[in-house]
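Heads up, the thing below is written out as C-alpha cells.
The analysis underlying the following values was restricted to heavy atoms, covering all of them including side chains, and did not include hydrogens, waters or symmetry mates.
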Amino acid sequence: MQTPFLKQQFSTARLKNKIPLTMNDIKTKESEKLTSANIELAFQNAEKEKRAAELVIANKELVFQNEEKEKRAAELVIANKELVFQSKEKEKRAAELVVANKELVFQSKEKEKRAAELVIANRELVFQNKEKEKRAAELIVTNAALKKAKDDIHKLNEGLEQKVLERTEQLESVNKELESFSYSVSHDLRAPLRAVHGYAKMLKEDYGGQVDAEANRLMGNVINNAKKMGQLIDDLLTFSRLGRKELTKSIIPIHDMVTNIWDEIKNEKENRNIEFKLNTLLPVEGDSVTIKQVWVNLISNAVKYSRLKENAIIEINSESNTDETIYHIRDNGAGFDMRYAKKLFGVFQRLHTDEEFEGTGVGLAIVHRIVSKHGGRVWAEGAVNEGATFNFSLPKII
C-alpha cells in the first residue's frame, strides 16, 4: 500500500506531466483524502481523550491541592491563634518575671535584714550564754545552801512531828477528860434540877392560890428556868455523846427523811402559816441517826426564826459537784448580821436574846460537829430581817 506521501508525490507528478485523470483516479484520490481525514480525526480524538484524561487528573490534583490549601489555611489560623496565645503567655511570663525580680530584690533585702538580725541575735546569744553560766554558778551555790536548809528543815520536821504527836495525845486526853467531865456534870445536875423543878411545881400547884401574883410569877420563873436548864443539859449530853459515837454509815434517802421530819414539825405547828418548798433532795452516805439530828435542828431553827412573819417561807434544795453533795435550807425570817456568822456554830453562841427567840445555843454546834465528823462543812448566809440560808455539804457517794 502506498503511503499518503507517495500518493501525493504520484499525483503531483501526473499533474506536472499532464497525465489525464481517470474516474478511478478521482475515486482513489477521494478515498485517500477520506482515509487521511479519518486517520487525522482518530488521532485528534485520541489526543482529546488524552487531554480529557489529563484534565481529569489535573482537576483531581487541583481539588487535592485546594483541599491541602484549605488544610494549610486552617492550620495557619490555628497557628496564628497559638501564636497570639503564646504572645500573651510571653507577656504574662514577662510580667511575672518583673514581679519575680521585684520579689527577688525584696527577698534579698529581707535576707540582708535577717543576716543583720542574726548577727545581733548571735551577740545576744553569746551574752545570754555568759549570763547562764553566771546563773549556773549561782545555782550551784544556791543548791548547796538549799540542801543544807532542806536538811535543817528535815531535822526540824522530825522534831515538830514528835511535838505534834505529843500535843495530839495531850489534846485527845484533855478532850476525853472534858467529855467525861461534861457527861458527869450533866448527870450530876439532873437530880437536883429535877428536885428544884418538882418542888417549885408542887408549891405552885398546892399554894398558888394562897400567895399573891408576884409570888406566882416567881414560882413560874423557877419552873421555866428549871425546864430550860433541863433542855440545856440534854443538849450538852447530846453534844458530848457525839464525840464518842462511832458512825454507822449507809445510803440515806434524804428526800424521804426530810419529808417525814417536816410532817412531824408541821403537826406541832398547826397554828402557823408556813409555806414549805421541798425540791428533790439527793441521797448521801452517812450515819442516819446523826444526819437526822442535823435536819431536825436546821428545820426547827428555820421554823423558830420565821415565826414573826405572817407568811413564813421555808425552802430546801440540793446540788452536787465533783466531790460534794450540798444542801440549802432557806427561810425569810429574822436573819442575822454577817459580821457574826462565825459565832453561829460555837457552843452557847447566840445572836438573839431569850426574849426574842428561845434556845440553848447548842443546836448549831451539834450540827457543826456531826457534819465535820462526816468529813463535810457547814456555813450560813443572811441579813437582818431578810432571812437566812444554812448550808452544809457531805462527801459525794462514790
Side-chain angles (χ1 to χ4, degrees), residues 1-137 139 321-322:
M1 176 179 258
Q2 293 178 343
T3 64
F5 179 74
L6 292 175
K7 285 181 178 182
Q8 188 177 1
Q9 293 294 327
F10 177 76
S11 296
T12 302
R14 287 189 68 177
L15 287 174
K16 285 180 179 181
N17 294 322
K18 295 181 180 182
I19 300 173
L21 297 172
T22 63
M23 197 66 161
N24 286 331
D25 292 334
I26 295 169
K27 287 181 179 181
T28 300
K29 187 177 180 181
E30 292 298 324
S31 178
E32 290 174 353
K33 288 181 180 180
L34 186 58
T35 298
S36 176
N38 285 333
I39 291 169
E40 181 66 23
L41 184 60
F43 175 76
Q44 289 178 358
N45 286 334
E47 289 296 315
K48 285 180 179 179
E49 289 175 1
K50 287 180 182 179
R51 295 293 82 77
E54 290 174 355
L55 280 173
V56 170
I57 293 168
N59 285 333
K60 289 180 179 179
E61 179 67 21
L62 187 60
V63 170
F64 174 75
Q65 288 178 358
N66 286 335
E67 289 175 353
E68 289 296 310
K69 285 180 180 178
E70 289 175 358
K71 288 180 181 179
R72 296 294 83 76
E75 290 173 354
L76 280 172
V77 170
I78 293 170
N80 285 332
K81 289 180 179 179
E82 180 65 22
L83 186 61
V84 170
F85 175 76
Q86 289 179 357
S87 295
K88 290 180 178 178
E89 288 296 310
K90 285 180 179 178
E91 290 175 357
K92 288 181 181 178
R93 294 295 86 76
E96 289 172 355
L97 279 172
V98 170
V99 174
N101 286 332
K102 290 179 180 178
E103 180 66 21
L104 187 61
V105 170
F106 175 75
Q107 289 179 358
S108 295
K109 291 180 179 178
E110 288 297 308
K111 284 180 180 178
E112 290 174 357
K113 289 180 182 178
R114 295 296 86 76
E117 290 173 356
L118 279 172
V119 170
I120 295 170
N122 285 331
R123 290 175 182 172
E124 180 66 20
L125 187 61
V126 169
F127 174 77
Q128 288 179 359
N129 286 333
K130 290 180 179 178
E131 289 297 308
K132 285 179 181 177
E133 290 174 359
K134 290 180 182 178
R135 296 295 86 76
L139 279 173
N321 58 32
T322 307

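- Summarising the geometry, atom CD belonging to Glu40 is positioned 9.5 Å from atom CD belonging to Glu47; distances are rounded to the nearest 0.5 Å.
- The residues Lys130 and Glu133 are annotated as not salt-bridged, no charged nitrogen and carboxylate oxygen being separated by less than 4.0 angstrom.
- Here Lys90 contributes atom NZ and Leu97 contributes atom CG; the two are 13.0 Å apart, rounded to the nearest 0.5 Å.
- Here Gln65 contributes atom CD and Asn59 contributes atom CG; the two are 11.0 Å apart, rounded to the nearest 0.5 Å.
- In this structure, CG on Asn66 lies 13.0 Å from CZ on Arg72, to the nearest 0.5 angstrom.
- Taken from CD1 in Ile78 to CG in Leu83, the straight-line distance is 13.5 Å, to the nearest 0.5 Å.
- Rounding to the nearest 0.5 Å gives a distance of 10.0 Å between CD1 of Ile39 and CG of Leu34.
- Contact check for Phe64 versus Glu68: side-chain heavy atoms found under the 4.5 Å cut-off.
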Test side-chain contact (heavy atoms from CB on, under 4.5 Å) applied to Phe106 and Lys109, step by step
CA-CA 5 Å; Phe106 175 75; Lys109 291 180 179 178; 5.5 Å; no

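- Checked for salt-bridge contact, Glu96 and Lys92 miss the test: no charged N lies under 4.0 Å from a carboxylate O.
- Ion pairing of Lys27 with Glu30 is absent here, as no side-chain N (NZ or NE/NH1/NH2) approaches a carboxylate O to less than 4.0 Å.
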